[in-house]
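Chain letters run A, B, ... following the sequence lines, proteins first and then strands; every chain starts at 1.
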Amino acid sequence: GAVVSQHPSWVICKSGTSVKIECRSLDFQATTMFWYRQFPKQSLMLMATSNEGSKATYEQGVEKDKFLINHASLTLSTLTVTSAHPEDSSFYICSAAEGLLAEAFFGQGTRLTVV
Amino acid sequence: AQKVTQAQTEISVVEKEDVTLDCVYETRDTTYYLFWYKQPPSGELVFLIRRNSFDEQNEISGRYSWNFQKSTSSFNFTITASQVVDSAVYFCALSEGYGNKLVFGAGTILRVKS
């Protein structure tokens, strides 16, 4: 399968600061990327869908002003958690696909801890 | 709306036992994909299988096998002769159409004891 790289693998930040997570497709062009969130001992929930060059589509209940998604190139999407708080501590994982009809591949995930 | 139900929250078995993880799904689409992923303690999602709605053939891959039954909307996963390394959380997921946006089940924690 295709390779999707997510960085960083883990990050600890202070409450009130912003954190940026990167999701890169290494060997294919990802026109569509997805961001999921997994709280401890819970399932994965889709946060948003991003298409290269356009605004992200957020799922109900996800604050778009808090979770900024940028998909400026065909190989990179970023998720910025702005003014992070302890309740944002979670596992964030992205997936990338070559198109709407193509299979999506997951990154390794990023464990965010806000202290 | 799509929904994936994994009724078993946690299963404990002794090594070498066979174990089946259940997955029941709901969708209005006639075209969809079903997935199983393994999530070890390190957190990454390990892809196990992707099956489309038109292919009801059961699949076997080593110690793993999958039973897809559209009549009962189930896609169960069996591990034969379980090993300690199989201990993980297993997720069943569904995507509608040919899409790649997944809806996950709650997950089943599998503990294999030696």
Path from B/Val13 to B/Phe77 over hydrophobic side-chain contacts below 4.5 Å: yes
Residues in residues 37-44 of chain A near chain B [non-hydrogen atoms, under 4.5 Å]: A/Gln38, A/Gln42, A/Ser43, A/Leu44
Heavy-atom side-chain contact between A/Leu46 and B/Lys101 under 4.5 Å: yes
Under 3.5 Å donor-acceptor, B/Asn100 side chain and A/Gly99 backbone: yes
Over 12 non-hydrogen atoms of neighbours within 6.0 angstrom of NZ in A/Lys55: no
Heavy-atom neighbours of A/Lys66 NZ exceed 12 at 6.0 Å: yes
A/Ile21 with A/Leu68, same ILVMFWY side-chain cluster at under 4.5 Å: no
Contacts of residues 103-114 of chain B with chain A (heavy atom under 4.5 Å): B/Phe104, B/Gly105, B/Ala106
Portion of B/Gln6 that has a non-hydrogen atom of chain A nearer than 4.5 angstrom: neither
Proximal component of A/Glu98, with respect to chain B [non-hydrogen, under 4.5 Å]: neither
Heavy-atom neighbours of A/His85 NE2 exceed 12 at 6.0 Å: yes
B/Leu45 vs A/Phe105 side-chain heavy atoms within contact, under 4.5 Å: no
Cluster link A/Phe106 to A/Met47, ILVMFWY, side chain under 4.5 Å: no
Any donor-acceptor pair under 3.5 Å from A/Tyr36 side chain to B/Leu102 backbone: yes
A/Phe67 with A/Ile93, same ILVMFWY side-chain cluster at under 4.5 Å: no
Other residues, nucleotides, ligands: >12 heavy atoms within 6.0 Å of B/Glu10 CD: yes
Note, B/Glu44 side chain near A/Phe91 side chain (heavy atom, < 4.5 Å): no
Transitive ILVMFWY side-chain link A/Met45 to A/Trp35, under 4.5 Å: no
